[in-house]
Amino acid sequence: MALPKIVLFYVFTPLADPEAVKLWQRTLAERCGVTGRIIVSEQGINATVGGDIQDVKAYVRGLREYGPFKDADVKWSDGAGEDFPRLSVKVRPELVTFDAPDRITVTGNGVAGGGTHVTPREVHELVEQRGEEVVFFDGRNELEAGIGRFRGAVVPRTQTTRDFVADLDSGAYDHLKDKALVTYCTGGVRCEVLSVLLKNRGFRDVYQLDGGIVRYGEQYGDAGLWDGSLYVFDKRMHVEFSPHAQSLGRCAECGDATPRYVNCSDPQCRRLFLCCERCTQTGTRTRCPDCVPVTGN
Ligand SMILES: [Zn+2]
Ligand SMILES: [Zn+2]
C-alpha cells in the first residue's frame with residue numbers, strides 16, 4: 001500500500017431505509033477497495049474506514065454524493081494497511097450503543113438538544129476564563145480512559161457505552177450539575193448522545209469537544225490539556241501524539257508506564273489488562289490480575 005490512511009466520521013441524520021444505505025455503503029466500500037467498520041441506523045452513519053489514500057479518497061467522494069452525508073466532517077489519520085483486515089457494514093438500532101435509542105431525537109440538523117460544540121481552541125479559552133469551574137467528562141469507558149485522558153477528567157464507571165445510562169441515573173455525578181461540563185470521546189460521536197443524556201438529567205452547562213480527542217491531538221498534541229495515549233479500536237490499539245508522550249497506564253506486574261493492553265492468556269477470561277513490553281516478553285505475567293493477583297513489590 002502506497003500511503004495507508006484511516007478516516008473517521010459520523011453523521012446524525014434521519015435515515016428512513018437503513019438497509020438500503022447499508023447495501024449502498026457495502027457496494028461503495030468494496031468498489032473502492034477499502035476496509036473497516038461501518039454502522040448504519042435510523043439515526044445516521046458512523047464509520048472508521050481505511051486503505052490506500054487514493055482508495056479512501058474515492059470512498060469519501062462517493063459518500064458525499066448522498067445528500068444527507070455531503071457535509072460529513074471527515075477526520076483523517078495515518079494508519080497501517082493491516083489495521084482493518086476486513087469490511088463490516090451493519091444496521092443497528094443506534095449509532096453508538098447506549099441502549100437508549102428513545103432518549104435522543106435526530107433531525108436533519110443532527111441530534112436535538114445536545115451540548116454546545118466547542119473546538120479545541122474554544123476549550124482552552126473556556127478553561128482560561130472559568131478555571132476550576134470547567135470539568136472534563138470522559139465519554140469513553142474506563143479501559144480507554146485508563147491510558148490517557150484530559151487532565152482532571154471525571155471517568156464514569158463504565159465497561160461499555162451501555163453502562164452510561166445507569167451510571168448517570170444513579171446520581172453519581174449530580175454534584176457537578178452547576179459546573180461547565182466538557183464531554184469528550186475519541187471522535188465526538190459518543191458525546192452527541194451523552195451530552196443529551198446529561199442535559200436531560202439536569203446538567204445545565206454542557207459542552208462537547210468537536211472532533212473529539214483525535215482533532216484535539218492534531219492541534220495541541222501533548223502540549224495542552226491532554227495526557228497520555230489515545231485508545232483506538234483497531235489493531236494499533238493505541239496512538240500517541242508525540243514521541244515523548246507518557247502513557248497513564250501502569251503495567252499490572254511491574255507498575256511501569258505502558259499503553260499496552262493484552263488479553264489474559266486464560267482462555268476462560270481473555271480480559272484486556274495492562275502489561276508492559278518487558279513483562280510480556282519475559283513471560284512474567286500472562287494472566288490478568290483477576291486471574292493471578294499481583295504479589296510482592
Ligand atoms: Zn511490566
Ligand atoms: Zn484473566
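By convention here, the first residue in the shown sequence is residue 1. Start at 1 and go down the list; that is how both ligands and their atoms are numbered.
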**Q** Would you say the side chains of T280 and R260 form a donor-acceptor pair under 3.5 Å?
**A** yes
**Q** Are side-chain N/O atoms of Y207 and E122 paired as donor and acceptor at under 3.5 Å?
**A** no
**Q** Suppose clustering is done on Ile, Leu, Val, Met, Phe, Trp and Tyr with side-chain heavy atoms closer than 4.5 Å. Which residues sit in the same group as Y231?
**A** L143, I147, F233, M237, Y261, L272, L274
**Q** Using a distance threshold of 2.8 Å, state whether an N, O or S atom of C251 lies below it from the Zn ion (ligand 1).
**A** yes
**Q** To 10°, measure the SG(C288)-the Zn ion (ligand 2)-SG(C269) angle for me.
**A** 110°
**Q** What do you get for the angle at the Zn ion (ligand 2) between SG on C264 and SG on C291, to the nearest 10 degrees?
**A** 110°
**Q** Would F69 and F9 count as a close aromatic pair, with their ring centres under 6.0 Å?
**A** no
